[in-house]
Amino acid sequence: MSVRVRFAPSPTGQVHIGNIRAAIFNWLFARHECGKFLLRIEDTDRERSTPEAVQTVLDAMNWLGLTYDEAPLYQSTRLDAHREAAETLLKAGHAYKEDKGGTGKGECIIFKMPGKDMMFKDVIKGELRKSAKDMSDLVILRSDGTPTFHLANVLDDIQMNITHIIRGDDHVENTYRHIALFQALGATVPAYGHLPMIINQQGKPYSKRDGAAFVGEFREKGFMAEALFNYLTLLGWSPGDDREKMSKDVLVSLFTLDRVKSGPAQMDIKKLTHLNAMYIAEMPLDQFIQKERSVVSRLEWGNACGENLFKEVCKLMQSRAHTFTAAEEWKYFFVSDIAYDEKAVKKNLNKEGVKQLLIKAKERLATADFSAKSIEDIIRGVEKENGMGEGKLNQPVRVAVTGTSIGAGIYETVALLGQQCVLKRLGYAIEHFCI
Ligand code: GLU
């Protein structure tokens, strides 16, 4: 039978990276096997599953390119089928009615666990077992007639002819119950694979307290969909060699479940950021410009960015941008009134001897042709004449003309800022910050 897998999110308003990783692994598996990847919205919690919450799931999937086959199944449309199945189980003797806790609220339907030790072969974790005494009967239909997660989940997997259930390992305990339900309903039990937990630096489940945890946050912070997709595949899977940067096509061709790891996967934002920078560096310049344009358009100085200069700055900065929000730091290229980083000023300008060096550099820059090469020659010359090591004057010049100690190559930066601006800023720094 050909592979049919599904992503079955419960919409809550945000999509955790652990959930979307499950979607990605299912998608890759389906595409690798030329099977079907289906979507089921588990929206039986009517309070949380608002249309907006559902849309958030769809947006996250769309952004990451997680295309699904067939129309999505909304669990809330299947309540009658769920109720019917509970009745069937009741009639067949697999379930019984009880007023749980004697609340007087009415009877619910309870599924009888088979009373045998159970074992299943997880395609990722291997053989997993649980003894009968540790498995208690479970409610499948509440007294108000609504199905519980277990019944709805299993019944819809049967309805959708799911062959493989790949989900987070927080569901391992549920799986024994689900297998028993499949069997009682006379359905073929699908293969199960439980993905390793995503953990933080302390080895605890990765949560929003550890940093960005939701797909929307990564998008807002300027991560590329391709980079996040790629990075998440590495959280619990590897191609079997040390490759890390892989396109979607390559991932589809390489992805197999036997390479999914069973041990926990540690979230590493630095690694994700590094990967993101690689993706940004190789995107077409035009696209990068467009992206950065949309970033600066949200800032108060955004409309000060003239087209030509903005393009040149993008060209200079693309290879060192870690995320799309990089442009937020480019203000000094476009406005005359720049901010100065106090610490950087103290460390680089407010020091004995710097004044004379900057005065000399300024004098020579006043008559230079302002190519990066001649700027470099001038700064090198001043360093040499004053017995300084190569590059020692770079930071004082950088802080004087940009207000900050970080940026692109200083000669290119100075050239791009232009002669008039640089002479003015050097003059200001000499007068106000140097001693
Ligand atoms: N709605 C469940 C969840 O998001 C589905 C689990 C499953 O994939 O079976 O955890």
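One-based numbering, in listed order, for ligands and for the atoms of each. Residue numbers start at 1 and run along the sequence shown.
From the protein, the heavy atom lying nearest to atom 5 (C) of ligand 1 is A8 O, 3.2 Å.
Proximity of L254 to W237: side-chain heavy atoms (C-beta onward) are separated by under 4.5 Å at one or more points. No side-chain heavy atom of V123 sits under 4.5 Å from any side-chain heavy atom of Y192.
By heavy-atom distance, the residue among H171, R6, R167 lying nearest atom 3 (C) of ligand 1 is H171.
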Exercise. Please walk me through it: do D144 and R142 pass salt bridge (Lys or Arg N to Asp or Glu O under 4.0 Å)?
Worked result: CA-CA 5 Å; D144 63 2; R142 298 186 191 90; 5.1 Å; no
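In terms of polar-atom proximity, P9 is not counted as a contact of ligand 1, lacking any N or O under 3.5 Å from an N or O of the ligand.
Judged purely by distance below 3.5 Å, without hydrogens or angles, the side chains of Q395 and R398 pair a donor atom with an acceptor atom.
Of the heavy atoms in N153, only side-chain atoms (C-beta onward) come closer than 4.0 Å to ligand 1.
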